[in-house]
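It should be emphasised that the depicted structure is a prediction, and the values quoted were computed from it without experimental measurement.
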Amino acid sequence: MSVRNRFGTAAAIALMTTVGAVLLSACGPDNAGSDPTAAPATSAPGTSAPGTAAPGGSTPPGSPSAGGGTPAPGAKEANGTTAANRLTISTGTQAVAMNGTTVDFGTVVRDLAWSPDGTKAAFVDGNGDLVVTNPDGTGKTTVAKNPGGETWSHPSWQHAAKDPGDDSLPEATERFKNIVFAAAKGGVLRLETIPAKAVGGTPEVLTPHSSEGGNPNLPQPPRTGNTWANAGGRHGEIAYANTPANEVYIYDDYIRPAARDMGKGSQPALSPDDEHVVFVRSVSGHDHLFSRSTQFDQRNEKDLTPGATTDYTEPAWSPDGKTIAARTPDGVSTLPADGSAAPTQVSTVKGLPAYRP
């Protein structure tokens, strides 16, 4: 089943599920009753989440991700993470795959994301709260406590590196030390933001707009239905998806507010240099990865997985911008960011891939 179809089904369930059931059933970023555009519910490494089917079903022999597949009973799981490749995989359990092993964070870890310097990890815990920890799960800080009746998902670190030689905007280098995430309440999705160093703070709604002060005379991007925020690059840009429109946007508030429509798709990820965005789009029954330039004058897009015989979802960029990791029904695969080679399965751990800088 494609990402688009899964989203529609999850959204319908969310509207019919009570608040209590939402919180109790949220074991991953796309459970019934949770964020209808987030990732599929994750499970323990090498297993399937109870009552769910892997998107796209089994991988046909000879497909790019068929090299390992789900290990047979008794077979050794392919972890696929190393200190060299910096890949990590959060599984919706306490175990996070990294450095060729698994690390027990002592609490459920959903949608783990790394700080720009790799010294901290942010995730949504088993209580639905936003938590920041050290890379080994110690030193937990509850940045924001879920007030109840909401489902939070997919946090991302928004930051702006200081521009050498430019002291004209010193405040801009400080205001982008935030965590942005999606919040679903009463069937309505919004982006929210909070300072990364907050303790028990209260998030604010992030409303993308296209002008200073949100001039109502100018076309404005959708205010609700926004999810899957991914902040990348050096200037605090945020890529996100709008569920009802099935559109990808980039919101840039570094100097003045500007929202750009990147076209049809979901689950976007910004490259480390701000130059490209990768996103998911359904093609002929499978979820493909597409890339396009973020520049106004370069609108061409490229299908990075034109021969896909399985679903590629939840993309993540390597710190050097040369590799993209993606989730598949069989684990995690990687491919060159320029699409010069087909994806190769590197792990049979099923979960959300992320790279630690």
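- Linking Ile, Leu, Val, Met, Phe, Trp and Tyr residues whenever their side-chain heavy atoms come within less than 4.5 Å places Val332 and Tyr355 in a single cluster.
- Formation of a donor-acceptor pair under 3.5 Å by the Thr151 side chain with backbone atoms of Ala184 is not found in this model.
- Side chain of Arg86 to backbone of Pro357: a donor-acceptor contact under 3.5 angstrom is found.
- Within the 4.5 Å cutoff, no side-chain heavy atoms of Phe123 are placed close to those of Val96.
- For Lys264, the NZ atom sits in a packed shell: over 12 heavy atoms of surrounding residues, nucleotides or ligands are nearer than 6.0 Å.
- Between His276 and Trp317, the ring planes lie tilted relative to each other; the angle falls in the 30° to 60° range.
- If you take OG1 on Thr348 and CD on Glu77, they are separated by 4.0 Å, rounding to the nearest 0.5 Å.
- A donor-acceptor distance shorter than 3.5 angstrom exists from the side chain of Asn146 to the backbone of Gly128, with no hydrogens or angles considered.
- No donor-acceptor pair closer than 3.5 Å links the side chain of Thr88 to the backbone N or O of Ala97.
- Within a 6.0 Å radius of CD in Glu204, no more than 12 heavy atoms belonging to other residues, nucleotides or ligands are found.
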Passes side-chain contact (heavy atoms from CB on, under 4.5 Å), Ser333 versus Thr344? Steps please.
CA-CA 5 Å; Ser333 293; Thr344 300; 6.0 Å; no
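- For the side-chain hydrogen bond (donor to acceptor under 3.5 Å, both in side chains) with Gln94, the qualifying choice from Asp104, Asp125, Thr102 is Asp104, the only one to do so.
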Should Thr305 and Asp303 be marked as a side-chain contact (heavy atoms from CB on, under 4.5 Å) after you check the CA-CA gap, both sets of side-chain angles, and the distance that decides it?
CA-CA 6 Å; Thr305 54; Asp303 187 345; 3.4 Å; yes
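- Hydrophobic cluster membership is shared by Phe290 and Val277, with clusters built from Ile, Leu, Val, Met, Phe, Trp and Tyr side chains linked at under 4.5 angstrom.
- In summary, Arg281 and Glu301 engage in a salt bridge, as defined by a charged side-chain N under 4.0 Å from a carboxylate O.
- In the hydrophobic clustering of ILVMFWY residues, with side-chain heavy atoms under 4.5 Å counting as a link, Leu206 and Phe181 come out apart.
- Between atom NZ of residue Lys145 and atom CG of residue Asp129 there is a gap of 4.5 Å, rounded to the nearest 0.5 Å.
- Using a 4.5 Å cut-off between side-chain heavy atoms of Ile, Leu, Val, Met, Phe, Trp and Tyr, with links allowed through other members, Val132 and Leu130 fall into the same hydrophobic cluster.
- With contacts defined as side-chain heavy-atom distances shorter than 4.5 Å, the pair Val278/Ser271 does not qualify.
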For the pair Lys197 and Lys177, evaluate side-chain contact (heavy atoms from CB on, under 4.5 Å) and give the outcome as yes or no after the intermediate values.
CA-CA 8 Å; Lys197 292 186 177 181; Lys177 294 180 179 179; 5.8 Å; no
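- Looking at Phe105 and Ser90, their side chains never come closer than 4.5 Å, going by heavy atoms from C-beta outward.
- Without hydrogens or angle criteria, Asn230 side chain to Ala239 main chain gives no donor-acceptor distance under 3.5 Å.
- Side-chain contact, Asp117 with Ser115: a donor N or O sits under 3.5 Å from an acceptor N or O.
- The two atoms that bring Ile194 and Ala144 nearest to each other are CD1-CB, 3.6 Å, heavy atoms only.
- Under the 4.5 Å side-chain criterion, counting only non-hydrogen atoms from C-beta, Ser153 is not in contact with Val124.
- Both Met262 and Val283 are part of a single hydrophobic cluster, where members link through side-chain heavy atoms under 4.5 Å apart.
- Glu247 is not listed as a side-chain neighbour of Phe279, based on a closest heavy-atom distance of 4.5 Å or more.
- Using a 4.5 Å heavy-atom cutoff, the side chains of Asn300 and Ser293 are not in contact.
- Checked by atom type and distance alone, the side chain of Arg356 pairs as donor or acceptor with a backbone atom of Gly118 at under 3.5 Å.
- At distances below 3.5 Å, not a single donor-acceptor pair connects side-chain atoms of Asp111 with backbone N or O atoms of Pro155.
- Here the closest heavy-atom approach between residue Val143 and residue Ala196 is recorded as CG2-O, 3.9 Å.
- Across Asn178 and Pro195, no two heavy atoms sit closer than the pair OD1-CA, 3.6 Å.
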May I have the step-by-step check of side-chain contact (heavy atoms from CB on, under 4.5 Å) for Thr133 and Thr107, ending in yes or no?
CA-CA 11 Å; Thr133 72; Thr107 184; over 6 Å; no
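- Minimum heavy-atom separation, Thr207 to Tyr251: O-OH, 4.2 Å.
- A donor-acceptor pair under 3.5 Å links the side-chain atoms of Thr294 to the main chain of Asp274, judged by distance alone.
- Closest heavy-atom contact between Tyr240 and Ala229: CB-CA, 4.1 Å.
- Glu192 is not listed as a side-chain neighbour of Val180, based on a closest heavy-atom distance of 4.5 Å or more.
- Distance CG/Asp136 to CG/Asn99: 11.0 Å, rounded to 0.5 Å.
- Side-chain contact between Asn242 and Pro221 is absent, with no heavy atoms from C-beta onward closer than 4.5 Å.
- For the atom pair CD of Gln267 and OH of Tyr312, the computed distance is 15.0 Å after rounding to the nearest 0.5 Å.
- Residues Ser318 and Pro272 approach most closely at O-CG, 3.5 Å, considering heavy atoms.
- Here Thr227 contributes atom OG1 and His154 contributes atom NE2; the two are 8.5 Å apart, rounded to the nearest 0.5 Å.
- Side chains of Thr328 and Asp330: a donor-acceptor N/O pair is absent below 3.5 angstrom, by distance only.
- To the nearest 0.5 Å, atom CH2 of residue Trp114 and atom CH2 of residue Trp157 are 10.0 Å apart.
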